[in-house]
Amino acid sequence: MNARDVLDLAWLIPVLPLAGAALLFCFGRRLGEPAAGWVATGALAGAFALSVACLVALVGLEGPERSHLVRGHDWIGIGGFRSGVGFLVDPLSITWALLVTGVGSLIHLYAVGYMHGDARYGRFFATFNLFAAAMLVLVLADNFLLAFVGWEGVGLCSYLLIGHWSERPRAATAGVKAFVTNRVGDAGFLVAMFLIFGALGSLDYAVMREGAAQLPAETATAVALALFLACMGKSAQILLHLWLPDAMEGPTPVSALIHAATMVTAGVYLVCRAHPFFDRHAAAGDVVALVGALTALLAGTAALVQVDVKRVLAYSTISQLGYMFLAAGVGAYAAAVFFVVVHALYKAALFLGAGTVIHATGDTQDLRLMGGLRRYLPLTAAGFVASWLALVGVPPLSGFWAKDEVLAKALFAGEPLVFGIGLAAVFTTGLYLTREALLVFFGNERFRRPAGVPAPAHDPTVSPTVDYGTPPGPPPLDGDPHEPGPVMTLPVLVLGVGAVVGGLLNLPFRRLEVLTHWLEPAFEGVEEITAPSFAAAAAVSVVSVTVAALALALAWRLYRRGLPEVSVDPLDVRLGPLGRCFGHAWYYDEAVTAFVGGPARRAAERLDRAVDAGGIDRAVGAVAAGVVRAGAAMRALQSGFLRRYALGVLAGTVALLGYAILRAGAG
Amino acid sequence: MRAVPPIHWPAVAPVAALGVTVVVAVMLRSLVRRSAWVDDAVIALTLVGLAVAGGFVVVQWRIVRSDGAYQAVAGAVAVDGFAVFVAGVVLAAAAASVLLSRSYLRTVGLAHGGEYLVLLLCSTIGMLVMAGANDLLVVFVALEVLSIPLYLLTAFDRRRRASLEGGMKYFVLGSFASAVFLYGVALTYGATGSTSLPGVAAFLARTTLAESGTLLAGLMLMLVGLGFKVAAVPFHTWVPDAYQGAPAPVTGFMASATKAAAFAALARVLFTGLDAYRSDWRPAVWALAVLTLVVGNLAALAQRDVKRLLAYSSVAHAGFILIGIEAANQRGRAAALFYLATYALMVLGTFGVLAALARRGERFDLECFAGLGRRRPVLAGVLTVLLLAQAGVPATSGFVAKLGVFQAAAQARSWALLVVGVLAAVVGVAYYLRVLLVMYTGAEADGGEGTAEGSPVPPALGAAPVGVDAGTGIVLAVAVAVTVWVGVAPGGLLDLAERARLLF
Amino acid sequence: MSDFPVLSALIAVPFLGAAATLWVPEQRAEAARAVGYLTTTLTLGLAGLLVWDFRAGVGGFQFVEEHRLSSTLGVSWIVGVDGYSVFLVAVTALLFLLGLVASETVTDRAKAYTFWFLLLEGTIIGVFCSLDLISFFVFWELMLVPMWFLIAGWGSAARRYAAMKFFLYTATGSAFLLAAILALGFLHRADVGELTFDLRALAAWDGPPPGTARWLFAGFMVAFAVKAPIWPLHTWLPDVHTEAPTAGSVILAGVIIKMGTYGILRFCFDLFPGAAVDAAPIMLTLAVVGILYGSVVAAMQRDAKRVIAYSSVAHMGFVVLGLFSLTVIGVGGATFTMLSHPLTTGSLFLVIGMLYERRHSRLIDDFGGVATVAPLLTGAFLVATFAGIGLPGLSGFVGEFLSLLGAFLAHRWWGVAATAGVILAAVSMLWMVRRMFGGPPRGPVASFTDLSWREAATVVPLLALSLFLGVHPRPVLQRIEPTAARTIERLTERTGRRPPAADRARAHHRPAAAGRVPAVGHGDRR
Amino acid sequence: MRVTDTWYLVVGALLFSVGAAGVLLRRNVLVILMCIELMLNAANLSFVTFARRLDDVTGQVAVFFVLVVAAAEVAVGLAIVVAIFRQRRRGATADDVSLLRG
């Protein structure tokens, strides 16, 4: 079996989880727990194995040959439009496939334990598998239309999974919010496809590669911006980010999957894939980089004083995604991909760790009701801490290398503003995540219920997510928290290790830039950004590490001892009114909600009441009523009096005679 | 001294047959007193007479088809396809009315004593003459012969005040209109020197009138008289009252046969006699058609009595037929003939259902029909088909008829009239559906089921399990069958009408 | 295939079935149903045969039958199908069988119900097959009668109002259609000398002068716009949908409103190419307004059926958008949407009907938490919803995408504006789903039963078909394409308009036109 | 001043108008009937005049027809009027009979 034969099997990568999903949708309930979970995990693990095989096969091929097309059937074709189902196996797609299947498998494994006892166990795993399958279709597609299928599929699955506990009103609403916000982006994707087809006559990546360079600047920029709108939706960049924090209403493995391996990184993938539209036209790239940088900073500030363990991580994800777009925007695609990979590792570990914590403390997600858990959950704490340090950028953990490269490239690409914003974001990153880690695993224990206070009744309809500002209630836990089984601890540990050593993939030294070299064929024609000197690069590193260290130190000082008083958060106190603003994420969500629920809703109501019912239908009714009224008027003419009738006859006669006279006079 | 004009007997045979029937019936009635069988015997005799007349009509049709049209009785009577076709319609309508009358008169409790049928026959004679009348004076006489018995028939149910009132109004207005018509004839005679329609036409072809005022005035006055008979607005005012007052079978007869005869006369006057003045009378007919369509349909919309509603709808149908006349082309004439034939059947069937449902002191308030669909599904079904046909729903003869007149308008490029016509048809649909709505869902509007407050609740129709007698059954069956059959496969009757106008 | 007159048989079978129900005794509901099932199954079989025998790659009419009915009226019995109508006939046959299954719950006057139901089927198939304008109009108008009886007889509270509104609204539109048809026929007669309403002959004629053509086009469009319905003539739809019985809503949303857009496609483009091109900007604008407006107003409804009704307005907006893009892609997409929408909206109405039977209410606020107690029911509704809002992989996407693409290629900004409708559609539909199915089960909802086998039998075939067409639309698109290409080619020839470059790309790939009946395709010129 | 046939025609027209006005203005049904007779006779006068002017016998013949018809008409009319009178003793003018309307 030579390399090409292996690559020809790449279509199985998405099909395996898809088959798993189909199987589970039909028989999930009959398979039951835990068989359904194992089927799903197995399907994805199989896909991972295949991805590895494909990787090996690709490595065996020479640079330019590292792109293999697997043709499928024609999908939509009419008139001049043709688009098919085909898979493109190249370094970029296989990198993502490995990430999705690898990290995804671990999250699946974790979920086998986490979802224990769920009423819709089978359906959960069916959707979970479908989620992975959709993401794989998205990254392996050989044309925009098929990628869009995956793109929408991911959106659908996020809707289903976020709303998995649909009996919780907030979960159900959050699912809708995720889908609708994503749809805004999807509209951008559609317009981009229309533009591409209109300009190039095809949606195939192959055609794009050849043709994009010849496009007029404004067309390419338009395509790039439309595509970026799509990415903003899917990757939760500011303006379209508001679905992501709410997505925490889903089960924690879902959050992990959304944030680490699938969905949110799709936007980065798309920008990388469609780089020919971005490269040559500075305007589009600048927009991407600037939006990315701002997202990194603003989301970082929003994460500072959140009290929900998952919400902090959610804003963290948004912020980190900002870095990725920052990188992609300045043209450092390989750096972006590198960031995606390491982020997947440590963010997955963080989420899974958070999930374990939530489980262990009896379904509370409030940071203020935790503390000191490292004693009870040592393994989880290890994984979590490793990931925390990696994310904050402590050298030589993976996050350090990735973040460093992004910042360096931004600076050396001649974007000092973007660099500056990115650096500021580094500070917030260090602050919010250290705060979370300390509040969860260190300091005083706050999860015990004071004696004499009865345990609140468990109400499954109430969402466990706690909003900023809600005063903490008594924790519902009896007894000590304890580590769950290996099914749940193992993934955290594996990912934690990944978070520590992930940097090895792409150390910024010649020869050691494995990932960058590997990805070169995918980013053919992209100008490489190089540091002017080793000293300059080192200086950037020193600056960013210093900023991160400052943040760490500050957080350590504030939260070393946990929260002496549960309802008083020292950082919040210090920030004053700004803290409130941060806590509400700059009130953007509230503003949008107020707009949609207020003026927009009123306008829609007016459209319904005033225009539809009161305008159009009333006009129609008025015509009908007019006819009826005219009929009634006719009735009145028929008075019943004989002489009136005769008058009518005579009037007609006179009229006709008058006409005769006129006519005779004229003729 | 001129000889008595030769009488061509086949030309007057149908009339003669009916005349003989009338004489025999009157004699029978006077000779045999108060025997139970006499009533039925007179009915049988009447039907036989109508059948014989019908046979003569068929013979005439054959003669006309093989030898072409001709004139008889010194040119006073034309025997052509047109006349024969209308005669056929009139005879069929008369026969149907007779069939409907038997059980109606019995259930309503009217002792007919023979004169009812005699009046009907006399009126039929007038109509037959009118169908072929080729002289304005003959038209006038026929008009009166058909009208005078109808006045009496309308007022026949003397116990009902509505009947008497209807008859009286019909009579006064009818006489008034006849007088107007006669004056029109006089003016036309004065202008052209002839009362014979071919004579008038020949004169107009020969000479160009220096002063056309007299002729035009005469034309318009004749239009009034005939417009009155066809129930064109604004000469329609008698229609709702007379139709509502008259016994149901008589109303059916008036709506079908009278209309056919009157339209025949109108067409003949306009096309045979005054074709040269087509450009003068077309606008007048146009105006009448528009008014008739609008007023007829709108007023029907506001009715609460079904018989009255049907009366207004009959006015509206006159409007549709006027579209065919206004088109002033061969297609229009054929379409008008076709319309008359199909409408005659529909309306007879409709009043047949009403006759079958009628009880002493007949009342046909809309509310009375509530629930009829459940109580008498078959009768309701018949009524449904016939009303839908009148509404012009496809797959019924009513649609084909409307299509015909609309086509004529399109061919004549009367676009405005065409649009008025199609819209009027929509309004027409509205009031027929109102009846169906009450019949099948029990009320007209959502919410309130029942009658308007204040007025006593009228008795529901069809509550008593009284069967439908054979005569009515035959009429209804034929009406429905032909209505649907012609709607689905209009070829046969259409060709007949087509040929009838060709043989003009 | 022999010369079996399959189309005439398809039209005749439902009528004969309806006639047969009349002989069933009043009380024997099950006998009437049996006749109904037999008839609809037979019709579906014939429709299957039709689709099976339909030759791909042919743009003209197939299975053409022609008989002169009346030379006086110029009416002929001409039936035939092409890529536009063949699937509409098939989907009609399918929906009627499933609708009958869904009507098992109708116990009142089952005989009469079946009678009207079968009559309705015959008229609708007749509409899709007729190539003579008068016969088309006959079926078009006749359709109102059975539908009126179904609504008035078996509808819900405000059924009388709805029935009358339906009949009069649409009949008013049709009045203009009739006038325009007659005017066209007689203008043709004045020019050519022969009275005919044969679509093919009229299309081959050079047509009336442009000014007149515009008026006639408007006459046709009024009727079609009411039926489609195109904004702002849509206000009958919500009322009628709400009050109609379940099967009535399914048929109404599924096929009856398609008659409007089908009419545009079949008649307006071929008969008045110039006017169609001139009117395109107006129609596109109305389509975009309809798309956005329909979705926004849908979001404000309190009655679940009204939500779907307004979303249908939006969907038909996509169809009109595709049609008046006047591109092969757009027309093909619109045709595909006409085929897909019955599947999705039909399923939605079926599920709403099931919910109504359980709760005896259609108000969204009376539900909540259905997902928890009836997951399969919820699943069916969700699949239908997502198919409706254009999720790739389900049938709705293909048509919507192509319509938008076509519109974008021809008129960029209209396409972009319409794309925003994709967002709003998701808002209105998912917001309803959230309120009805999400949250804790409320009140009587808690005792809901899940999908029964009979209910599954109605909705699952539709959803399966939607999935199939979403994944593998090629067989359908292949059969639509030649016809669409022909239409656009004709438009281009007649008006000299330049189609967008991307739409022309594959023009030379088109297979040569050759019909089953030679040389009488509607594009032939004399 | 010579009396030409035009005078007769004018008189006819006047008679006709008077009759028509009478139908409209008089409430008594019997008077209305007489007015209608007046109108018929106006037509008769015109017929005779035209016949003279045209030197044609048709017009004169017409008068006989009209007279016969008028007689029949009056007979029938009176019968109906009498029937109504019999039913309602008081107030039997044209305006009292207005049960049917609308």
Side-chain angles (χ1 to χ4, degrees), chain B residues 331 334-335 338 373-374 377 381 384 388 391-396 399-400 402-404 406-413 415 418-430 433-434 436-447 449 487-495 497-499, chain C residues 15 22 26 68-75 109 111-112 119 123 126 134-135 137-145 148-149 151-153 155 157-164 167-187 189-190 195 212 215 219 243:
Chain B
R331 184 180 290 280
F338 184 83
R374 277 180 197 274
T384 304
L388 287 177
V393 162
T396 62
F399 174 76
V400 185
K402 285 204 171 67
L403 184 66
F406 292 154
Q407 284 199 343
Q411 187 170 329
R413 304 202 167 208
W415 305 129
L418 177 61
V419 171
V420 171
V422 292
L423 288 178
V426 175
V427 178
V429 169
L433 282 184
R434 264 182 71 201
L436 296 187
L437 202 60
V438 173
M439 234 160 69
Y440 285 102
T441 73
E444 204 185 331
D446 297 305
E449 310 221 352
V488 174
L493 188 58
L494 261 176
D495 287 349
E498 183 73 4
R499 241 180 254 141
Chain C
F15 281 109
L22 286 181
E26 196 72 35
R68 196 82 171 151
L69 285 185
S70 160
S71 39
T72 313
L73 298 173
V75 182
R109 288 168 293 152
K111 171 183 158 179
L119 212 57
T123 55
I134 298 287
S135 341
F137 184 81
V138 164
F139 286 120
W140 171 272
E141 196 76 352
L142 186 57
M143 180 279 294
L144 301 178
V145 176
W148 185 86
F149 274 98
I151 299 169
R159 60 186 189 275
R160 299 184 188 89
Y161 170 73
M164 293 302 272
F167 205 119
L168 296 177
Y169 215 123
T170 44
T172 309
S174 312
F176 294 101
L177 175 64
L178 179 61
I181 288 177
L182 293 178
L184 182 71
F186 279 90
L187 289 172
R189 177 179 176 276
L195 179 63
T212 316
W215 279 106
E243 302 306 330

Which value, rounded to the nearest 0.5 Å, describes the distance between B:Asp495 atom CG and C:Ser71 atom OG? 6.5 Å

So which part of [X] gets closer than 4.5 Å to some heavy atom of chain B, the side chain, the backbone, both or neither?
X	answer
C:Leu144	neither
C:Val138	both
C:Trp148	side chain
C:Phe139	neither

Restricting to non-hydrogen atoms, name the atom on [X] and the atom on [Y] that form the minimum distance, rounded to 0.1 Å.
X	Y	value
B:Leu423	C:Ala175	CD2-CB, 4.1 Å
C:Phe137	B:Pro394	O-CG, 4.5 Å
B:Arg434	C:Met164	N-CE, 4.0 Å
B:Thr441	C:Ala152	CG2-O, 3.2 Å
B:Leu494	C:Leu73	CD1-CD1, 3.3 Å
C:Thr72	B:Glu498	CG2-OE1, 3.2 Å

Could you check if a side-chain atom of [X] sits within less than 4.5 angstrom of a side-chain atom of [Y], using non-hydrogen atoms only?
X	Y	result
B:Gln407	C:Leu195	yes
C:Leu182	B:Leu403	yes
B:Arg413	C:Leu187	yes
C:Phe149	B:Thr384	yes
B:Phe399	C:Leu142	no
B:Tyr440	C:Arg160	no

Comparing B:Ala430, B:Ala409, B:Gly404 against chain C, the one with the most heavy-atom pairs below 4.5 Å turns out to be B:Ala430

Among B:Leu436, B:Val419, B:Leu388, who wins on heavy-atom pairs under 4.5 Å with chain C? B:Leu436

I'd like to know whether C:Phe176 forms a side-chain contact (heavy atoms from CB on, under 4.5 Å) with B:Val422, so could you lay out the CA-CA distance, the side-chain angles of the two residues, the decisive distance to 0.1 Å, and finally the verdict. CA-CA 7 Å; C:Phe176 294 101; B:Val422 292; 5.7 Å; no

Just wondering, are more than 12 heavy atoms of other shown residues or ligands nearer than 6.0 Å to CH2 in B:Trp415? yes

